[in-house]
Amino acid sequence: MFAAVDLGSNSFRMHIGKHEGDSIRVIKSARDPIRLAAGLDKNGKLTPQAIAGAVESLARFRTILRDYQLDAVRVVATNTLRVAKNAHEFLPDAERAIGYPVEIISGEEEGRLIYMGVAGALALPDEDRLVIDIGGGSTEVILGRGSEIKRVESFGIGTVNQSQAFFPDGVIDEASFERAILSARSHVEDAVVPFGAQHRSKVYGSSGTMRAIADTIARNGMGDGRVTPVSVEELKQRLIAFGHAGNIELAGMKPDRALVIMGGLAVLIGLMKELNIAVITPVEAGLRMGVMWDLQLRATQRDRREQSVDDFSRRFHIDELRARQVAETALGFFEMLKPGNEVYAKYLSWSALLHEAGLIVSQSSYHKHSSYLIANADLPGFTTREQRVMSTLILGQKGNLRKLGEVLSDADFAKAVLALRLAVMFMHSHITLDWNDIRLKMKNRIDLEIKRDWVRDHPTVSYWMQKEQEWWSGIGVDFSIRVNA
């Protein structure tokens with residue numbers, strides 16, 4: 001049983017679901033329309049009021065989660081927390097309130113998870129499809145076939161920002177709608193070719209806004225009841241005729257969502273025009289279902305992150321033998337250091353496998369290039385926080401340790417850094433380790449015992465060991481090395 005919590009720009013939502021055969025059955029849902037994106041001030045920061053409301057909402061979600069025996073819970077945050085300049089101030093309070101880590105995911109990762117949710121619900125392995133998700137702060141467009149994702153784009157337009165920008169006082173007129181539609185088209189016009197009609201047989205809309213628009217069209221007899229250029233244009237004209245969001249009276253359109261839906265409708269019309277879409281089919285699946293499918297894959301040892309590391313390694317021509325050697329050695333050292341928490345083991349392994357990616361840029365300072373690439377690459381399955389952890393580990397594989405700053409105050413992270421540094425050093429020194437002949441401890445100080453034969457047969461070891469002592473001493477950690485017969 002899994003839970004997926006989505007901290008969206010328009011509302012916070014939660015699904016609790018159970019994996020049954022080839023599907024996931026949702027057994028509990030919750031929604032809190034807190035309008036987080038509307039809580040950004042003119043400086044791009046979440047206001048104290050917005051933060052307080054979000055924290056209260058998450059505390060309510062936690063009380064629901066407590067009633068279920070869950071195998072895994074994942075909390076993801078989308079566009080508003082991607083752009084909020086003080087998101088780092090909000091996260092600790094949010095995590096305490098919900099009781100789980102909050103992951104700020106990239107727009108591309110959001111799109112991939114949305115597609116996974118839709119593909120799992122449709123279960124049509126041979127269908128070429130386009131999936132559109134119009135959220136509160138961003139819009140994701142994903143092209144795929146069956147469960148395979150071919151292309152993902154995330155655009156910084158959504159229901160909340162379009163409504164605030166073009167219908168700020170709830171006034172609805174033709175000019176405002178046209179400006180909102182042109183704005184949406186301008187965001188996507190340079191990216192439409194890969195999503196053209198020749199690449200798809202069907203188009204699906206996965207967001208709550210899309211389903212609300214479809215429901216309003218069907219219940220009010222617009223066009224033929226489907227989401228088509230004719231029906232969305234008729235809906236637009238009906239809204240203009242009301243003149244103000246407060247005057248809207250349409251079956252299926254709740255008053256508290258009317259203003260937001262206007263922004264979403266403008267985005268939808270813009271996308272349909274630019275992508276030449278004839279009809280969109282709403283589907284009751286998306287990000288939260290995708291998160292639960294991803295948790296199911298991880299539970300069955302089919303972690304998408306493993307595939308991402310392999311793909312990245314091939315793309316950047318990383319020497320697989322060297323990378324595997326460093327990964328195995330680093331994990332051996334990490335286990336020897338007896339970390340209090342194994343949470344960094346996977347990140348250490350992946351970091352070791354990718355630690356030489358920067359060689360494609362330059363041999364000089366390759367570790368810095370590698371760190372930058374991992375921090376900024378599009379790695380499906382990884383969150384921004386996970387990539388930052390790996391980037392920091394990779395940066396710390398060699399050289400001065402002061403550049404890592406306060407992260408070394410985390411004892412287990414410091415052990416991961418030490419394990420990677422030693423693994424890289426021994427790989428460069430061409431030493432084949434016998435774990436029975438080495439001792440390593442790290443508490444208030446580092447104690448390392450090595451064989452005298454290593455020093456004799458590998459002259460560079462002495463130099464690197466001396467430098468390692470200096471670098472750790474530079475951050476106040478005593479590094480003792482004893483050479484045994």
Side-chain angles (χ1 to χ4, degrees), residues 103-106 108-109 303-334 337 339 343-408 410 412-431 433 460-461 463-465 467-468 470-472 474-475:
E103 306 173 6
I104 301 177
I105 56 176
S106 68
E108 290 74 20
E109 178 64 8
D303 195 328
R304 286 187 307 146
R305 295 173 295 180
E306 299 282 358
Q307 186 61 50
S308 289
V309 170
D310 289 343
D311 292 344
F312 190 90
S313 181
R314 284 191 294 271
R315 195 186 330 153
F316 285 83
H317 308 290
I318 295 172
D319 187 313
E320 184 178 356
L321 290 177
R322 287 162 62 93
R324 293 287 173 191
Q325 178 187 339
V326 171
E328 291 170 7
T329 305
L331 287 175
F333 279 128
F334 192 56
L337 289 165
V343 67
Y344 291 118
K346 276 187 174 290
Y347 302 124
L348 174 59
S349 177
W350 291 324
S351 299
L353 292 172
L354 302 177
H355 80 282
E356 289 189 327
L359 288 175
I360 201 169
V361 178
S362 172
Q363 176 74 41
S364 176
S365 298
Y366 78 86
H367 61 301
K368 297 178 182 178
H369 303 312
S370 300
S371 176
Y372 177 85
L373 288 170
I374 299 308
N376 294 280
D378 181 15
L379 294 174
F382 285 97
T383 66
T384 303
R385 180 183 295 186
E386 289 174 327
Q387 289 184 224
R388 189 164 58 245
V389 168
M390 292 161 59
S391 172
T392 305
L393 273 171
I394 289 171
L395 181 63
Q397 69 179 277
K398 60 185 291 190
N400 197 311
L401 286 160
R402 286 194 294 271
K403 63 195 172 192
L404 300 187
E406 296 181 358
V407 295
L408 291 174
D410 180 336
D412 289 335
F413 188 83
K415 289 177 179 179
V417 170
L418 175 62
L420 182 58
R421 290 171 74 90
L422 292 178
V424 169
M425 180 179 65
F426 285 171
M427 183 269 291
H428 284 299
S429 299
H430 306 289
I431 294 176
L433 290 177
T460 60
V461 168
Y463 170 77
W464 285 117
M465 287 295 183
K467 292 297 294 181
E468 200 64 17
E470 293 174 5
W471 282 319
W472 285 98
I475 61 168

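The shown structure was predicted, so the numbers you read here are calculated from the model rather than taken from an experiment.
A donor-acceptor contact shorter than 3.5 Å links the side chain of R421 to the backbone of G396. With S308 contributing its side chain and P380 its backbone, the two residues share a donor-acceptor pair below 3.5 Å. With Q387 contributing its side chain and A377 its backbone, the two residues share a donor-acceptor pair below 3.5 Å. Under the 3.5 Å distance criterion, the side-chain polar atoms of S349 are left unmatched by any main-chain donor or acceptor of A345.
Taking every heavy atom of both residues into account, T392 and L404 meet most closely at O-CD2, 3.7 Å. Closest approach of T384 to I104, counting heavy atoms only: OG1-O, 3.1 Å. The shortest heavy-atom contact between H367 and L395 is CD2-O, 3.5 Å. Annotation for S370 and I394: closest pair CB-CG2, 3.5 Å, computed over non-hydrogen atoms. Considering all non-hydrogen atoms of both residues, A423 and A330 come closest at CB-N, 3.5 Å. Residue Y366 comes nearest to V424 through the heavy atom pair OH-CG1, 4.2 Å, listed as atom of the first residue, atom of the second, then distance.
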CA sep, side-chain torsions, deciding dist, call: M425, M465, side chain to side chain contact (heavy atoms under 4.5 Å, CB included): CA-CA 9 Å; M425 180 179 65; M465 287 295 183; 3.4 Å; yes
CA sep, side-chain torsions, deciding dist, call: W350, L393, side chain to side chain contact (heavy atoms under 4.5 Å, CB included): CA-CA 10 Å; W350 291 324; L393 273 171; over 6 Å; no
Full working for side chain to side chain contact (heavy atoms under 4.5 Å, CB included) between L353 and F312: CA-CA 10 Å; L353 292 172; F312 190 90; over 6 Å; no
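Ring orientation note: the planes of F413 and Y344 are nearly perpendicular, at an angle over 60° on the 30°/60° scale.
In E470, the CD atom is crowded: over 12 heavy atoms of neighbouring residues, nucleotides or ligands sit closer than 6.0 Å. The local environment of OH in Y372 is sparse, with at most 12 non-hydrogen atoms from other residues, nucleotides or ligands closer than 6.0 Å.
In this structure, the side chains of L420 and V326 come closer than 4.5 Å at one or more pairs of heavy atoms. Two residues are said to be in side-chain contact when any heavy atoms from C-beta on lie closer than 4.5 Å; R304 and E109 meet this criterion.
Test M427, M390, R322 against H355 for side-chain contact (heavy atoms from CB on, under 4.5 Å) and you get one pass: M427.
Taking 4.0 Å as the cut-off between side-chain N and carboxylate O, K346 and E386 do not count as a salt-bridged pair.
Rounding to the nearest 0.5 Å places CG of L337 at 8.0 Å from CG of L422. Atoms CZ and CH2, from F426 and W464 in turn, are 13.0 Å apart once rounded to the nearest 0.5 Å. The CZ atom of F333 sits 8.0 Å away from atom CG of L418, with the distance rounded to the nearest 0.5 Å. Atom CZ of F382 sits about 8.5 Å away from atom CD1 of I374, to the nearest 0.5 Å. In this structure, F334 CZ and D412 CG are separated by 5.5 Å, a value rounded to the nearest 0.5 Å. In this structure, the separation between CD on E320 and OG on S313 is 6.5 Å, given to the nearest 0.5 Å.
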